[in-house]
Amino acid sequence: MRFDFGSDNTAGMAPSALQALVAANAGFARAYGADDTSARAADLIRQTLDADAEVRFVFSGTAANAIGLSMLARPYEAVLAHHAAHVCTDETGAPGFFGQGVGLIGLPGYSGKIDVAALYAALEEPVVGHRQPAAALSLTQATEYGAVYSEEELRHLIEPSKRAGLGVHMDGARLANAVAAGFDPKDIPRLGVDVLSFGGAKAGAHCVEALVIFDKAMTRRIDNRLKQAGQTASKGRLLAAPLLGLLESGDWLAGAAHANLMAQRLADGIEAKTPFVLAHPVESNTVFVRMHDEAHEQLNAAGWACYQFDDGSVRFVCSWATDEASVDALIDAVASLN
């Protein structure tokens, strides 16, 4: 079975990430994130975002998202998010677990982008004692369907949420792909995002993600919170090092740009050479194809790992490691389906 296009998590570590890990492994260093490697990685994230933010490194995007949301909503409150967002569909209730009961309210919108009218309707809901009122908005950049919010689109969602007193979280598991598609990461703090999950794993690191907190009023005892959650690495330099390598080398962005390019090549080939149609515009590194069940099963049987997504389309994901030959082989395989 080929797992090239099953997920951007199926690729290994990018060479620059692996080299940085090996370099950080030499000798001795302070423990629990107080090391120079972690400090340098945090500084590069601040430079990328042009913000004086608190940065901590955790073991997964789920942890970054759930802990970040627990800082924005109380146990008797809820988070507004797209109904297909990772926090709603793929984290096994982690926001509620880390938030001791925090709820999730799913909102509609095309290609994973929250519909502005749906957001306004949710914000206008009366606060009553029998259900969890919204206290935070979670946005995904790029979305689960590969769409990239523009600065204007984000502003039209964030500004009314802020006026209503909500905190704002951004899931940036594929932030590198959004930046490679033209999004300016400096817009994140400028627009008023309070907490960001800064993606490393899908960009070519091992498992590391960064929890970036722009509102320093929320950072009181953050290290205690992370320790209790099992997210404080004793050998912190080995957690942060791959992300440092990606950022120092430029591969965090270059790898994402390559992944986006391969996704566009795949989309173009499917449109030109197969009877199938795209389910969503291709703006980052994911391609969604309308494909009947029999064709999907044939593709799996031919050795290509891919699965149906929430909307019934079949998802293909490109990564820093995807090559043109693999893309072309997949196009040929799809073209041969009955």
Side-chain angles (χ1 to χ4, degrees), residues 3-10 61-62 65 79-95 104-119 121-122 137-150 153-154 157 170-175 177-178 181 183 199 202 259-260 262-271 274-301 304-319 322 327 330-331 333-335 337-338:
F3 296 95
D4 313 31
F5 300 93
S7 167
D8 33 11
N9 291 321
T10 61
T62 294
N65 288 339
V79 175
L80 301 175
H82 192 278
H83 65 77
H86 200 270
V87 296
C88 291
T89 63
D90 290 286
E91 297 188 359
T92 321
L104 296 167
I105 299 173
L107 300 178
Y110 183 62
S111 293
K113 292 181 177 180
I114 293 174
D115 179 75
V116 174
L119 173 66
L137 171 69
S138 181
L139 299 162
T140 307
Q141 181 72 320
T143 75
E144 293 300 318
Y145 286 103
V148 178
Y149 282 106
S150 68
E153 288 173 323
L154 288 173
L157 295 170
M170 180 174 284
D171 179 353
R174 294 189 177 95
L175 180 60
N177 300 99
F183 175 69
K202 297 179 191 300
N260 291 3
M262 292 299 99
Q264 192 58 61
R265 182 185 183 94
L266 175 60
D268 291 344
I270 286 174
E271 287 192 307
T274 82
F276 303 104
V277 298
L278 301 180
H280 299 274
V282 177
E283 299 178 358
S284 56
N285 68 317
T286 52
V287 179
F288 293 83
V289 180
R290 293 289 178 204
M291 184 179 294
H292 53 81
D293 291 345
E294 292 81 2
H296 180 215
E297 290 168 3
Q298 289 175 29
L299 194 59
N300 287 157
W304 296 93
C306 55
Y307 67 94
Q308 281 191 333
F309 215 63
D310 298 339
D311 68 340
S313 63
V314 176
R315 187 187 77 162
F316 303 95
V317 189
C318 298
S319 73
T322 305
V327 171
L330 177 57
I331 294 169
V334 174
L337 299 175
N338 299 321

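Side-chain atoms are counted along with the backbone in the values below, which use heavy atoms only and exclude waters and symmetry mates.
Separating the CG atom in Asp90 from the OG1 atom in Thr62 is a distance of 8.0 Å, to the nearest 0.5 Å. Of the inter-residue distances, the one linking Ser138 atom OG with Ile105 atom CD1 reads 12.5 Å to the nearest 0.5 angstrom. To the nearest 0.5 angstrom, Asp171 atom CG is 10.0 Å from Leu139 atom CG. The OH atom of Tyr307 sits 3.5 Å away from the CZ atom of Arg315 when rounded to the nearest 0.5 Å.
Looking at Val334 and Leu299, their side chains come closer than 4.5 Å, going by heavy atoms from C-beta outward. Side-chain contact between Val289 and Ile270: present, with at least one pair of heavy atoms (C-beta onward) separated by less than 4.5 Å. Contact of the Leu137 side chain with the Ile114 side chain is registered, since non-hydrogen atoms from C-beta on lie closer than 4.5 Å. Between Phe276 and Val314, every side-chain heavy-atom pair lies at or beyond the 4.5 Å cut-off. With a 4.5 Å cut-off on side-chain heavy atoms, Asp4 and Leu330 do not count as touching.
Applying the side chain to side chain donor-acceptor pair (under 3.5 Å) test to every pair with at least one member in residues 277-287, sequence neighbours left out, gives these pairs: Asp8-Asn285, Ser111-His280, His280-Asp311.
In this structure, Phe288 and Phe309 have perpendicular ring planes: the angle between them is above 60°, well past the 30° mark. Note: Phe5 and Trp304 have tilted aromatic rings, judged against thresholds of 30 and 60 degrees for the angle between ring planes.
What you find for Cys318 and Met262 is that their closest heavy atoms are SG-C, 3.7 Å. Between Leu337 and Ala295 the shortest heavy-atom distance is CD1-O, 3.6 Å. Summarising the geometry of Ala85 relative to Thr140, their closest heavy-atom pair is CB-OG1, 4.0 Å, with the distance given to 0.1 Å. Smallest separation of non-hydrogen atoms from Tyr145 and Ala84: CE1-CB, 3.8 Å. Contact detail for Ala118 and Leu107: the closest heavy-atom pair is O-CD2, 4.1 Å. Here the closest heavy-atom approach between residue Asn177 and residue Ala259 is recorded as ND2-CB, 3.9 Å.
In the model, Asn260 has no side-chain atom that pairs as donor or acceptor with a side-chain atom of Gln264 under 3.5 Å. Using modelled atom types and a 3.5 Å distance limit, the side chains of His86 and Glu144 yield no donor-acceptor pair.
Distance alone, capped at 3.5 Å, places no donor-acceptor pair between the Lys113 side chain and the His82 backbone. With hydrogens and angles disregarded, a donor-acceptor distance shorter than 3.5 Å links the side chain of Gln141 to the backbone of Tyr149. In this structure, the side chain of Asn300 engages the main chain of Cys306 through a donor-acceptor pair within 3.5 Å. Put simply, the side chain of Thr322 gets close to the backbone of Ser319: a donor and an acceptor are under 3.5 Å apart.
For the side chain to side chain donor-acceptor pair (under 3.5 Å) with Glu294, the lone residue among His296, His292, Gln298 that qualifies is His292.
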* Asked: Should Val87 and Val79 be marked as a side-chain contact (heavy atoms from CB on, under 4.5 Å) after you check the CA-CA gap, both sets of side-chain angles, and the distance that decides it?
  -> CA-CA 10 Å; Val87 296; Val79 175; 5.7 Å; no
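Val116 pairs by the side-chain contact (heavy atoms from CB on, under 4.5 Å) definition with Tyr120, His156, Leu157, not counting sequence neighbours.
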